Amino acid sequence: MLTITVAQDGSGDFASVSEAVLAVPYACAAEIRIGPGVYREKLVCEKQDITLIGAGMESTRIVWGDGGSLPHPDGRPTHTFRSYTAFFRGIELRVRDLTIENDAGPGAKVGQAVAAFVDCSHTLFENVRLLSNQDTLFCAPLPEKEREKDGFLGPGRFAPRRPTAQYYRHCEIAGDIDFIFGGADALFEQCTIRTVNNHLPASYVTAPSGRADGLGFVFWDCDFVSDNCPAGTVFLGRPWRPTGKTAVLDCRLGAHIAPEGFSPWQSRTDSDLACFAEAGSTGEGAAARGAWVKQLDSQQAEELLRCARKLCRPE
């Protein structure tokens, strides 16, 4: 395996993460070790098998500040899928011990602001912070069709909608609207899911868009917290596409979680096609949900978690 070091003080092979990634031949497995510092760069990583390792979430930060409603060099708005701080496409991706942040600001001012656009066949994020406001983490693939002109403008617009399996462990993910979204099968284990308080009337953690026969987003043993969001104003999810799925298993929910738990998508009436499930929730945000939220018994929850681990966790 090729090993490359990045250091801002000149002691590494490169001074920027982007330079290090570009130096890796596509088909060569590589490990890039990134020293402490704030790396202000818009990262594009399209390699077959790559590992990025920082010096810790507090020490190594990759930061950019594009927003969906801000102007792009082509004269159009940037839109959601060109706003990323880091774009990943490939086969095997591992990211550890660092922060990826989009610091463009609240969505009301700048629009969607993606921190990480993840479109790799197999993904591991461990001890990583993903920070933004609206649309923080995009777990590809995109839906087949956009609902509005230029809705999918960006690097994945014409790419094949291939399935991805993504695994997030001991991560912190922060945002306010649909801040974990997309069509991936993804398992979030022992993560902190933090809703940022931008004084919105309602916020949404997930916006899944996967297939009806897919796994969707599964959260196990996670902490859903907030930056002092008002009680009952944050929904665990809403279906970006009708067959989206989110399951919340053995998680601790703060008082900011709405008593309904999940929400339909705006005025759409096909939310009954979605699958939102819950089991073992505790905390002030735990409550009896409506009939459309499936309550799993312990055996069903264990089976779902087993399937998620088999599909998403690295061997």
Side-chain angles (χ1 to χ4, degrees), residues 16-18 21 34 37-46 52 54 56-74 76-89 93 95-120 123 125 127-140 142 150-157 166 168 171-182 184 186 188 191-200 203-207 225-227 229 234 240:
S16 78
V17 184
S18 295
V21 169
I34 310 165
V38 178
Y39 297 82
R40 188 146 200 111
E41 53 187 284
K42 191 176 181 76
L43 176 64
V44 175
C45 180
E46 297 182 276
L52 304 181
M57 289 189 289
E58 300 292 339
S59 299
T60 300
R61 296 172 56 210
I62 302 171
V63 184
W64 197 251
D66 278 340
S69 61
L70 299 179
H72 189 269
D74 69 1
R76 292 179 287 184
T78 295
H79 289 284
T80 302
F81 298 102
R82 298 195 295 189
S83 70
Y84 60 82
T85 294
F87 170 74
F88 299 101
R89 174 171 290 146
L93 170 69
V95 182
R96 293 187 174 97
D97 301 320
L98 52 78
T99 290
I100 300 173
E101 179 178 1
N102 187 321
D103 66 352
K109 295 182 178 180
V110 304
Q112 296 85 350
V114 175
F117 183 134
V118 183
D119 188 9
C120 298
T123 296
F125 276 64
N127 300 321
V128 173
R129 287 194 312 184
L130 300 169
L131 308 179
S132 186
N133 288 277
Q134 187 169 339
D135 292 10
T136 303
L137 170 62
F138 174 58
C139 302
L142 285 162
D150 290 338
F152 293 165
L153 187 65
R157 186 177 192 178
Q166 305 186 16
Y168 299 83
C171 293
E172 178 186 349
I173 307 169
D176 63 6
I177 296 180
D178 305 333
F179 62 94
I180 302 172
F181 72 116
F188 301 82
C191 293
T192 298
I193 311 299
R194 178 166 60 86
T195 303
V196 176
N197 186 4
N198 282 317
H199 308 288
L200 302 174
S203 296
Y204 308 87
V205 176
T206 68
V225 303
S226 78
D227 297 340
C229 292
V234 179
W240 185 29

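We're numbering straight along the sequence, starting at 1. Remember, predicted model here, so these are calculated numbers, not experimental data. Just the heavy atoms: all of them, side chains too, but no hydrogens, waters or symmetry mates, feed the values below.
Note that CG of L43 is 11.5 Å distant from CH2 of W64, once rounded to the nearest 0.5 Å. Remark: N197 CG to S203 OG distance equals 7.5 Å, nearest 0.5 Å. Note: N102 CG to D135 CG = 10.5 Å, rounded to the nearest 0.5 Å. We find the CD1-OG1 distance between I180 and T136 to be 8.0 Å, quoted to the nearest 0.5 Å. In this structure, CG in L52 is found 5.5 Å from CZ in F88, a value given to the nearest 0.5 Å. Interatomic distance, CG of D66 versus OG of S132, reported as 11.0 Å (0.5 Å rounding).
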Margin query: Is there a side chain to side chain contact (heavy atoms under 4.5 Å, CB included) between F138 and D119? Walk through the geometry before answering.
Written below: CA-CA 8 Å; F138 174 58; D119 188 9; over 6 Å; no
Item checked: Test log, rule side chain to side chain contact (heavy atoms under 4.5 Å, CB included), inputs F87 and E46 -> CA-CA 8 Å; F87 170 74; E46 297 182 276; 3.8 Å; yes
Next item on the list: Go through the steps for N127 and R96 under the test side chain to side chain contact (heavy atoms under 4.5 Å, CB included), then give the verdict.
Entry: CA-CA 6 Å; N127 300 321; R96 293 187 174 97; 5.7 Å; no
Note to self: The test is side chain to side chain contact (heavy atoms under 4.5 Å, CB included); show your working for F181 and T80 and say whether it passes.
What the structure shows: CA-CA 12 Å; F181 72 116; T80 302; 4.1 Å; yes
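Between R157 and D150 the shortest side-chain heavy-atom distance falls below 4.5 Å. Side-chain contact between V128 and L98 is present, with heavy atoms from C-beta onward closer than 4.5 Å. No side-chain heavy atom of D178 sits less than 4.5 Å from a side-chain heavy atom of Q134. Here the side chains of F125 and L137 are not in contact, with every heavy-atom distance at 4.5 Å or above.
Between Y168 and A186, the shortest heavy-atom contact is CE1-CB, 4.5 Å. Between G111 and S69, the closest heavy-atom pair is N-OG, 3.3 Å. For the residue pair Q166 and V118, the shortest heavy atom distance occurs at NE2-O, 3.3 Å. Of all heavy-atom pairs spanning T60 and I34, the tightest one is OG1-O, 3.4 Å. Heavy-atom minimum distance, T123 versus C120: OG1-CB, 3.5 Å. Closest heavy-atom contact between E41 and I62: O-CG2, 4.0 Å.
A salt bridge between D74 and R82 is present, with a side-chain N of the basic residue lying under 4.0 Å from a carboxylate O of the acidic one.
Side-chain atoms of T78 come within 3.5 Å of backbone N or O of L70 as a donor-acceptor pair. When atom types are taken as modelled, the side chain of T85 and the backbone of E101 share a donor-acceptor pair closer than 3.5 angstrom.
A donor and an acceptor atom, one from each side chain of T99 and R129, are located under 3.5 Å apart.
Using bins of under 30°, 30° to 60° and over 60° for the plane-to-plane angle, the ring pair Y84/F117 lands in the perpendicular bin.
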